[in-house]
Student: 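Attaching a single structure in structure tokens format; questions to follow.
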Amino acid sequence: MKKVEAIIRPEKLTIVKDSLGDAGFYGLNTTQVTGRGGQRGIVHTGRAGQSIVVDMLPKLKLEMVINDSDVEAVIDIIIQSARTGEIGDGKIFIHPVEDTIRVRTGERGNAAV
Ligand SMILES: Nc1ncnc2c1ncn2[C@@H]1O[C@H](COP(=O)(O)OP(=O)(O)OP(=O)(O)O)[C@@H](O)[C@H]1O
Ligand SMILES: [Mg+2]
């Protein structure tokens, strides 16, 4: 099992979630986060012409645990639905997961995902 941790644009959540659901992936968590990438935020110009640096930008963290065999499919779905082609589209991290337990039944491993 793997945990997919995807940082995406908040406005992309609906399309990403719907695309995952269409492919049969339902279980997931989301968290509102602030973060920065390689450009270290964005610079606005204020009314007086001054530079206003916004370092940490609002992003959405999506986390889901999936079977190993589904990792590439889920990555493809997230890329295709979250991408605009502009900087700040986000990032995906893949973590190993030791086990999964469904509380209702006690099932474990892939069967519980
Ligand atoms: N190395 C990292 N570790 C943890 N979180 C990251 C990392 N890089 C980016 N993030 C998170 O992802 C968000 C979006 O990053 P972003 O897409 O700007 O990455 P990037 O490497 O700058 O790529 P791009 O050049 O396409 O903008 C950041 O705001 C931050 O929340
Ligand atoms: Mg960036």
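Note that the coordinates shown come from a computational prediction; the quantities given were computed from them, not determined experimentally. Indexing begins at 1, ligand by ligand and atom by atom, following the structure's order.
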Student: After noting the C-alpha distance and the side-chain angles of Val113 and Asp70, does the key distance pass the side-chain contact (heavy atoms from CB on, under 4.5 Å) rule?
Tutor: CA-CA 11 Å; Val113 171; Asp70 291 325; over 6 Å; no
Student: For His95 and Glu5, which heavy atoms make the closest approach, and how far apart are they?
Tutor: NE2-OE1, 2.5 Å
Student: Within a radius of less than 6.0 Å around CD of Glu11, do more than 12 heavy atoms belonging to other residues, nucleotides or ligands occur?
Tutor: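 Counting other residues, nucleotides and ligands, CD of Glu11 exceeds 12 neighbours.
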Student: Looking only at non-hydrogen atoms, find the nearest pair between Leu60 and Pro10 and report the distance.
Tutor: CB-CA, 4.0 Å
Student: Return the minimal non-hydrogen interatomic distance between Ile52 and Gly46, and the atom names on each side.
Tutor: CD1-CA, 3.7 Å
Student: For a distance cut-off of 3.5 Å, show me each N or O of ligand 1 paired with any protein N or O, plus the separation.
Tutor:
{"unit_1": "ligand 1", "atom_1": "8 (N)", "unit_2": "Lys91", "atom_2": "NZ", "d": "3.0"}
{"unit_1": "ligand 1", "atom_1": "17 (O)", "unit_2": "Asp89", "atom_2": "N", "d": "3.4"}
{"unit_1": "ligand 1", "atom_1": "17 (O)", "unit_2": "Gly90", "atom_2": "N", "d": "2.7"}
{"unit_1": "ligand 1", "atom_1": "17 (O)", "unit_2": "Gly90", "atom_2": "O", "d": "3.4"}
{"unit_1": "ligand 1", "atom_1": "21 (O)", "unit_2": "Lys91", "atom_2": "NZ", "d": "2.7"}
{"unit_1": "ligand 1", "atom_1": "22 (O)", "unit_2": "Gly38", "atom_2": "N", "d": "2.6"}
{"unit_1": "ligand 1", "atom_1": "22 (O)", "unit_2": "Gln39", "atom_2": "OE1", "d": "3.1"}
{"unit_1": "ligand 1", "atom_1": "25 (O)", "unit_2": "Gln39", "atom_2": "NE2", "d": "3.0"}
{"unit_1": "ligand 1", "atom_1": "27 (O)", "unit_2": "Gln39", "atom_2": "OE1", "d": "3.1"}
{"unit_1": "ligand 1", "atom_1": "27 (O)", "unit_2": "Gly88", "atom_2": "N", "d": "2.7"}
{"unit_1": "ligand 1", "atom_1": "29 (O)", "unit_2": "Gly35", "atom_2": "O", "d": "3.3"}
{"unit_1": "ligand 1", "atom_1": "29 (O)", "unit_2": "Arg36", "atom_2": "N", "d": "3.1"}

Student: If only atom types and distance count, is the side chain of Lys59 paired as donor or acceptor with the main-chain N or O of Gly88 below 3.5 Å?
Tutor: yes
Student: Listing by chain and number, what protein N/O/S atoms are under 2.8 Å from the Mg ion (ligand 2)?
Tutor: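 Listed by chain and number: Gln39 OE1.
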Student: Look at atom CZ of Arg102 and say whether more than 12 heavy atoms of other residues, nucleotides or ligands are closer to it than 6.0 Å.
Tutor: yes
Student: May I ask you to check whether Thr84 and Glu86 show a side-chain donor-acceptor distance below 3.5 Å?
Tutor: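 Their side chains do not contain a donor-acceptor pair, so the 3.5 Å distance test is not met.
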Student: Stepwise, does the side-chain contact (heavy atoms from CB on, under 4.5 Å) test hold for Val97 with Lys2?
Tutor: CA-CA 5 Å; Val97 170; Lys2 296 281 192 288; 5.5 Å; no
